[in-house]
Participant: 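Sharing a structure here in structure tokens format.
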Amino acid sequence: MSLSLGYYGDTAMKKIPGGGVGGGYDVPNGVDIRGRYDEEFAKILTKDALMFVAELQREFRNHVRYAMECRKEAKMRYNSGGLPGFDPATRHVREGDWVCAEVPPAVADRRVEITGPVERKMIINALNSGAKVFMADFEDALSPTWENLMRGQVNLKDAVNGTISFQDKARNRVYKLNDQTAKLFVRPRGWHLPESHIFIDGEPAIGCLVDFGLYFYHNHAAFRKAQGQGYGPFFYLPKMENSREARIWNNVFERAENMAGIEKGSIRATVLIETLPAVFQMDEILYELRDHSVGLNCGRWDYIFSYVKTFQAHPDRLLPDRVLVGMGQHFMRSYSDLLIRTCHRRGVHAMGGMAAQIPIRDDPAANKAALELVKKDKLREVRAGHDGTWAAHPGLIPPIMEVFNNNMDDKPNLIKTMKREDAANITEEDLLQIPRGVRTMEGLRLNTRVGIQYLAAWLTGTGSVPLYNLMEDAATAEISRVQNWQWLKYGVELDGDGLGVRVGTELFGKVVEEEMARIEREVGSEKFKKGMYKEACKIFSRQCTAPVLDDFLTLNAYNHIVVHHPRGPSKL
């Protein structure tokens, strides 16, 4: 990368051993790496790349801190009985005739996107999958251990350079990239997550600036040449709650473009609308990112999690079993329709939600039934006007692609043809309508069983976990946790299975005990003993029964996976 060191001034340099054999990382002043030293990681954590990350941190940390304080203030309003809604102060943005920058040709067609963690084999298989886009994930599908994060950066650099390969010794097979591959998008972590293996000026780095900064620094030039047709890199941006947070990202992008000497608007990003407050800010979010936007995505699992979290102090807004909270619910359908209308009005993609199903190889009938549900869901999306959708497994790509191909009339997208003006009348009440359905003992059990198993995998370094024929990430564990918490807090009646019992700590304790026994039977005693199921059970149970709801399961559990390696004396 051709960044001038002069930009950073005459920064004193120091070398700090990272605890590994063979020396340490060469770091700029004020940067302290506490993760394990590795020669491959050192190719990512170069002096200049770390300077870039440190500059981003120093310029934007106060803006991020203020945004997090604004989240707390909003939570206090909701906990005092307030409701999220459209902001009267930004009505002129919602009613204006502006449009976003034109979609780059390289990503005009996004009809099927596959997602997954930044693991080496996953990256190769996903890029070769036949999908139009692969979203490589540093966020909900990745456990953010030092090893995972740094190996992920190494893997992405190799992928962008076209040199990535993987030898599977067990299968005696070598994986390499095909001639034609999916376009690569990268999802960094959310604003709220720290990177505690890297300290800048005595405090943990902001996780997403580490993810973005290292990837952009090493890959922007090669990506624009090989994949972006003069644009890029491309990103997905998670967990935002309002346009203030989008403005920070836009400023980060402009700063990165300026440092790299590339034209404004090169970087493009799709924002996941996966928090309830953000659905009232979709125009404003696009407006802030109008030079860098390629649309919005329905992050529907996290959106359900956010609904519960936003209304944690509203006993009149209790969710039914989470399996009943689908796109048939009025508030979910309204969210999807308004997102499509907003995106197409502003000239960008409206991306659909995740199909998390994975092939059921030992039950053809069940597999066929699951596939029919996927196709039905995707048919609903494309007929509603979504320009593309997500899949978690390569096996879903051909049937989903067929659904979209059959309903898009050979167009790369539906931006100009499906304006959805009928959605202009969607109200705050539509977006907040209480979901309907029953609550059952099986719902409580499933939440507990899935939440504990996901967290056990996350604690051992796996963030994308196959459970009961679905590929789960952190969003499912979050829904499971907050729903259990909500039901416990308000002593809800399980009204859907004729039991009529109320959820309390005694019942929950019994359910946890029984579900732990079931997990041990299902995974086997040996795996159960070697795994971190008991630790996961403690963390999950504690969060479900806490008097105050934690904002994020992963934020609370993060300290369990941070490993600081001892450092020797600094060398000047």
Side-chain angles (χ1 to χ4, degrees), residues 78-79 81 83-84 276 300-336 353 356 369-370 373 376-377 428-454 467-470 472 475-519 537 540-550 553:
Y78 306 145
N79 285 353
L83 302 175
L276 188 64
R300 55 197 190 189
W301 291 112
D302 270 301
Y303 191 75
I304 299 165
F305 157 49
S306 178
Y307 188 96
V308 179
K309 189 164 68 168
T310 303
F311 294 129
Q312 61 185 271
H314 296 241
D316 58 330
R317 292 182 176 273
L318 301 175
L319 254 64
D321 285 3
R322 66 175 170 86
V323 297
L324 300 177
V325 188
M327 299 310 293
Q329 295 278 3
H330 184 78
F331 85 108
M332 294 293 285
R333 188 167 62 251
S334 300
Y335 143 67
S336 169
L373 286 175
K376 184 179 178 182
D377 179 47
E428 292 176 351
E429 289 73 21
D430 290 317
L431 294 164
L432 298 176
Q433 188 184 98
I434 301 167
R436 298 173 180 173
V438 296
R439 292 174 282 276
T440 68
M441 179 67 79
E442 180 48 36
L444 180 65
R445 289 188 179 280
L446 183 65
N447 285 346
T448 303
R449 192 164 66 247
V450 167
I452 291 171
Q453 287 184 89
Y454 180 82
L467 291 170
Y468 308 111
N469 304 315
L470 297 173
E472 305 289 19
T476 307
E478 291 286 26
I479 300 169
S480 299
R481 171 183 70 97
V482 296
Q483 183 163 67
N484 280 7
W485 182 90
Q486 184 188 54
W487 288 4
L488 277 158
K489 181 174 176 65
Y490 296 110
V492 303
E493 181 183 345
L494 299 178
D495 55 0
D497 45 20
L499 296 176
V501 299
R502 292 195 173 274
V503 179
T505 52
E506 188 177 344
L507 175 66
F508 180 63
K510 187 170 182 287
V511 166
V512 167
E513 187 179 329
E514 291 172 353
E515 292 309 310
M516 282 291 280
R518 175 170 173 175
I519 292 168
C537 180
F540 187 79
S541 298
R542 185 169 65 244
Q543 291 207 350
C544 290
T545 56
V548 177
L549 181 65
D550 283 331
L553 172 69

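Values below: all heavy atoms of this structure, side chains included; hydrogens, waters and symmetry mates excluded.
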Participant: Quick one: do Arg322 and Asn447 satisfy side chain to side chain contact (heavy atoms under 4.5 Å, CB included)? Show the steps, please.
Facilitator: CA-CA 8 Å; Arg322 66 175 170 86; Asn447 285 346; 2.8 Å; yes

Participant: Taking salt bridge (Lys or Arg N to Asp or Glu O under 4.0 Å) as the cut-off, I'd like each qualifying pair that reaches into residues 444-453, sequence neighbours left out, listed once.
Facilitator: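 Found Glu442-Arg449, Arg445-Glu514, Arg445-Glu515, Arg449-Glu515.
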
Participant: Do you know the tightest heavy-atom contact between Gly437 and Pro320?
Facilitator: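 The answer is C-CB, 3.4 Å.
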
Participant: Say you draw a straight line from CD of Glu428 to OG of Ser334; how long is it, rounded to the nearest 0.5 Å?
Facilitator: 12.5 Å

Participant: Decide yes or no on side chain to side chain contact (heavy atoms under 4.5 Å, CB included) for Thr545 and Leu488, but give the supporting numbers first.
Facilitator: CA-CA 7 Å; Thr545 56; Leu488 277 158; 4.0 Å; yes

Participant: Starting from the C-alpha separation in whole Å, work towards a yes-or-no answer on side chain to side chain contact (heavy atoms under 4.5 Å, CB included) for Leu276 and Phe311.
Facilitator: CA-CA 10 Å; Leu276 188 64; Phe311 294 129; 3.4 Å; yes

Participant: Check this for me, if you would: do Asp377 and Arg300 make a salt bridge, where the nitrogen-to-carboxylate-oxygen distance has to be below 4.0 angstrom?
Facilitator: yes

Participant: Does atom CH2 of Trp301 have more than 12 heavy-atom neighbours from other groups under 6.0 Å away?
Facilitator: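 Open.
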
Participant: Taking all heavy atoms of Leu444 and all of Thr448, pick out the closest pair and write down the distance.
Facilitator: O-OG1, 2.8 Å

Participant: State the CZ-CD distance between Phe305 and Gln483, to the nearest 0.5 angstrom.
Facilitator: 12.5 Å

Participant: Decide side chain to side chain contact (heavy atoms under 4.5 Å, CB included) for Leu494 and Thr440; before the verdict, give the C-alpha distance in whole Å, the side-chain angles of both, and the deciding distance to 0.1 Å.
Facilitator: CA-CA 5 Å; Leu494 299 178; Thr440 68; 5.7 Å; no

Participant: Roughly how far apart are Asp497 CG and Asp321 CG, rounded to 0.5 Å?
Facilitator: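 Going from CG on Asp497 over to CG on Asp321, the span is 8.0 Å.
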
Participant: Under a 3.5 Å cutoff, is there a donor and acceptor pairing between the side chains of Gln453 and Tyr468?
Facilitator: yes

Participant: So that I can tick it off, tell me whether Lys510 and Glu513 are bridged by a salt bridge, with the cut-off set at under 4.0 angstrom between side-chain N and carboxylate O.
Facilitator: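 Looking at Lys510 together with Glu513, the answer is no, because their closest N to O distance does not fall below 4.0 Å.
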
Participant: Just verifying a value: how many Å separate His314 NE2 and Gln486 CD, rounded to the nearest 0.5 Å?
Facilitator: 11.0 Å

Participant: Atom CD1 of Ile452 and atom SG of Cys544: how far apart are they, to the nearest 0.5 Å?
Facilitator: 8.0 Å

Participant: What distance do Gln543 atom CD and Ser480 atom OG have between them, rounded to the nearest 0.5 Å?
Facilitator: 12.0 Å

Participant: Indicate yes or no: at least one non-hydrogen side-chain atom of Arg439 is less than 4.5 angstrom from one of Trp487.
Facilitator: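 Arg439 reaches Trp487 side chain to side chain.
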
Participant: Is a side-chain N or O of Glu478 found less than 3.5 angstrom from the main chain of Leu553, in a donor-acceptor match?
Facilitator: yes

Participant: Ignoring hydrogens and angles, state whether a donor on the side chain of Tyr307 or Arg317 is under 3.5 Å from an acceptor on the partner side chain.
Facilitator: yes

Participant: Which heavy-atom pair separates Leu431 from Tyr303 by the least distance, and what is that distance?
Facilitator: O-OH, 4.3 Å

Participant: How about Arg436: does its CZ atom have over 12 heavy atoms from other parts shown lying under 6.0 Å from it?
Facilitator: no

Participant: For the pair Thr476 (side chain) and Glu472 (backbone), establish whether a donor and an acceptor sit closer than 3.5 Å, ignoring hydrogens and angles.
Facilitator: no

Participant: Hey, are the side chains of Tyr78 and Leu83 touching, using non-hydrogen atoms and a 4.5 Å cut-off?
Facilitator: no

Participant: Specify the closest pair of heavy atoms between Asp430 and His330, including all atoms of both residues, with the distance to one decimal.
Facilitator: OD1-NE2, 2.8 Å

Participant: For Pro435 versus Leu319, what's the shortest heavy-atom pair and its separation?
Facilitator: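 In terms of heavy atoms, the two residues are closest at CG-CD1, 3.8 Å.
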
Participant: Please name the pair of heavy atoms, one in Ile304 and one in Val325, separated by the smallest distance, quoted to 0.1 Å.
Facilitator: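 In this case the closest contact between Ile304 and Val325 is CD1-O, 3.3 Å.
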
Participant: Is the shortest heavy-atom distance from the side chain of Met441 to the side chain of Leu507 under 4.5 Å?
Facilitator: yes

Participant: Is any side-chain heavy atom of Leu549 less than 4.5 Å from a side-chain heavy atom of Lys309?
Facilitator: yes

Participant: Kindly indicate whether the side chain of Arg333, heavy atoms from C-beta on, has any atom under 4.5 Å from the side chain of Met327.
Facilitator: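 No - every pair of side-chain heavy atoms lies 4.5 Å or more apart.
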
